[in-house]
Each structure stands twice: as C-alpha cells, then as structure tokens.
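These notes concern the structure reproduced below.
Heavy-atom basis, side chains included; hydrogens, waters and symmetry copies ignored. Start at 1 and go down the list; that is how both ligands and their atoms are numbered.
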Amino acid sequence: MATIHDVAQRAGVSPITVSRVINRSGYASQETRERVEAAVAELGYVPNRLARSLRSKRTHTLALVLTDITNPFFTTVARGVEDTASDAGYTVIFCNTDESENEEKKYLQVLLQQQVDGILLVPARSAPDSIDLIRKQHTPVVVLDRRVPSGVEVDTVRCENELGAYQLVRLLIELGHQRIAILSGPLGVSTAEDRLAGYRRAMREAGHAAEAQLVVYGLFNQASGAEMMRQILELEPRPTGIFAANNLIGIGALHAMQEAGLRVPEDMAVVSFDDLPPTLLTSPFFTVAAQPAYEMGQRATQLLLARLTGDASAPCQEIILPTELVVRQSSGQPRG
Ligand code: RIB
C-alpha cells in the first residue's frame, strides 16, 4: 500500500506538503496541489486517518445530531453544515433522534467514544443534560434551531420563532380572519412553544378570544398535522384560518383538507412555519415564515470550528437569524 512518503517522492515534494494538500490546511500552490493529487491518484494512496488522529488527537470529524433529516428544513441545515465543514477539511456524521431524548443520549455516547472533534446539536428536549454529557468529554458543542434554558452557557444559532409566527398570524388577521387555529408542535420543544407564543400574542393584540379548542398539539410530522387538522374540521363553526407550526404539519393539514373536499384558500386559509423547496411542490403554494436553514447550518459550523481552532474560553454567542414572511396563494381572504 502506498505511503505518504511514496506520494511525496512521486510528486517531488515533502511529506508535510502532501499532508497540507490532502487536509486542505496550510498553503500549497495550485501547481503543487495538482502534482500531489496526480501522485495520489497514480499510487492509489489512501490517508491513514487513524494514524493521523493519534498524532494530532484530532479526527477531523464533526457530528450533526438532529431530529429528522427527511424534513427539508433539516436537510438544508445539514447541507450548510457539510459545505462549511468540508471547506475546512472536516467530514460530518449525521444522526437522527426523532425528537427522542433516549436516542439523543445514545448517539452522543457513541460519538464521544468515536472522539469526534465537535458536535452540532438540535436538542430533542433536555438540552442541559446533553450539553453536560458533551462537556464532560471536553468536546466543543453548538446548539442549533432551538433555545436552551436561561443560565445554560452554550453557543446557539436559531431563528426568530416567536416573531415569525406572530407575523404569519397577524397577516391572517389583517386579511379579516378572526377565528384562527394553531396546529402546534409538542410542548417541551422550544420552537413549538415560541411559535405558540407568537400566535397567542397576535390573537391577543387583535382582541380575538383565545378559544382553547383552536389550539391543538401534535408532533412535527405530516401524520400528526393531518390528525390535528381532522380535529379542527370537526368544530362547529370551523375556523377560517390555520397556522401550521412547521412545514410537515402544514403538508399533513393540506392532505386532511383535501380529504374533506376543502379548497385552500377558498374554504380555509393556511399559513405555515418553514418554507419548502420549490421542487417539492408543483408550484410554491404556502404562505410561510421561511427560516434561513442553510445559513443556520453554516453559521453554527463556523462557531464550532472557531471553538476548535481558537479560544475555547471566549464568551458564548447566541445568533438569532430573522425569518422571511413569504406571502403566496394559501393565505387568501375569508369568504363572505
Ligand atoms: O420544520 C423544522 C422546524 O420545525 C424546526 O425549527 C424544528 O425545530 C421544527 O420546529
């Protein structure tokens, strides 16, 4: 098997230059880079990552622990993470917890044994416990998407969930809707709670009664969105507006309305948190509060890499990104 010395000899450079080119760290001219890459290809050289990590005590591997990568929001976050990590010479391990604290703890224990260099965490619920577990191994961690309880010091990147929800519900109110239901995510998850708070603030400021039956709780998935929507459709009279607390709930709600023969927005207006990639819909349809998902992944990874390479004792940062209100067909006006 070819070694780094064989590659260096073939390319006419030192072994450290070969290492710099392969790890994309330090300077190497384009001509040198091309010579080394040609030698690697000709010799079929495969870097021995284990040997390198034993020397450097770095595995050049990060982990992104999130709840559901099949959700287009998290898919886009993961892309922002991987692009940023790869540019810095790191690979990324992805883990799905499905909002389960047990799954989260299981994955964190495996990742820490694998000695990943840093962890990006979308906490299912018990963020402080998970952060303690990671910190006990002196591994840098950044929290994405969700808030951590006050007093917990950790770098965080998330969005303006309360304001984004407030703006969506405010839009429906300004279009004339008075009875608006929320299909909420699970309590105990900060994004669900913040979006519910935005809904309640918009309804309160408009003087609309807070009807308990217009607030239903479920999970951040399509099946739960459809189930919550069916509950709402049994109400008499039905509300004229729906706020879906995330993209998958919104899609599930749409399926339930189609099952019931209802048209959107003619029979019922719908707004949803999170945008959906246009490729997923025949035409962009939902009025949404769009989160900058790619930028969230990018900024969180930049924070983590700064922790890895810079001053680990610097004060923690909380980066809150704005959502964008995108008005489309689904938010129409109430009939009559
Ligand atoms: O659709 C994903 C979004 O909804 C994320 O903010 C996640 O926290 C869920 O609430």
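- Remark: the Ser100 side chain and the Thr97 side chain contain no N/O donor-acceptor pair separated by less than 3.5 Å.
- The protein heavy atom nearest to atom 8 (O) of ligand 1 is Asp145 OD2, 2.5 Å.
- Annotation for ligand 1: atoms under 4.0 Å from non-hydrogen atoms of Asn247 are 1 (O).
- Close approach of ligand 1 to Gln291 (heavy-atom distance below 4.0 Å) involves ligand atoms 3 (C), 5 (C), 6 (O).
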Next on the checklist: Using salt bridge (Lys or Arg N to Asp or Glu O under 4.0 Å), reason through Glu99 and Arg146 one step at a time and then give a plain yes or no.
Outcome noted: CA-CA 12 Å; Glu99 304 282 2; Arg146 292 165 183 191; 2.8 Å; yes
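- Close contacts between ligand 1 and Asn71 involve ligand atoms 1 (O), 2 (C) [criterion: under 4.0 Å to a heavy atom].
- Salt-bridge formation is detected for the pair Glu259/Arg230: a Lys NZ or Arg NE/NH1/NH2 atom is positioned less than 4.0 Å from an Asp or Glu carboxylate oxygen.
- For atom 3 (C) of ligand 1, the closest non-hydrogen atom of the protein is Asp274 OD2, 3.2 Å.
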Next on the checklist: Please determine whether side chain to side chain donor-acceptor pair (under 3.5 Å) holds for the pair Asp155 and Gln317, giving the CA-CA distance in whole Å, both sets of side-chain angles, and the decisive distance to 0.1 Å.
Outcome noted: CA-CA 5 Å; Asp155 290 322; Gln317 295 186 52; 5.3 Å; no
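- Distances below 4.0 Å separate heavy atoms of Arg195 from the following atoms of ligand 1: 3 (C), 4 (O), 5 (C), 6 (O), 9 (C), 10 (O).
- When heavy-atom distances to ligand 1 are checked against a 4.0 Å cut-off, Phe74 comes that close only through its side chain, counted from C-beta outward.
- No salt bridge links Lys136 with Asp132; every basic N to acidic carboxylate O contact stays at or beyond 4.0 Å.
- Residue Asn246 places at least one N or O, backbone or side chain, under 3.5 Å from an N or O of ligand 1.
- Side-chain N or O atoms of Arg195 include one that pairs as donor or acceptor with a backbone N or O of Ala245 at under 3.5 Å.
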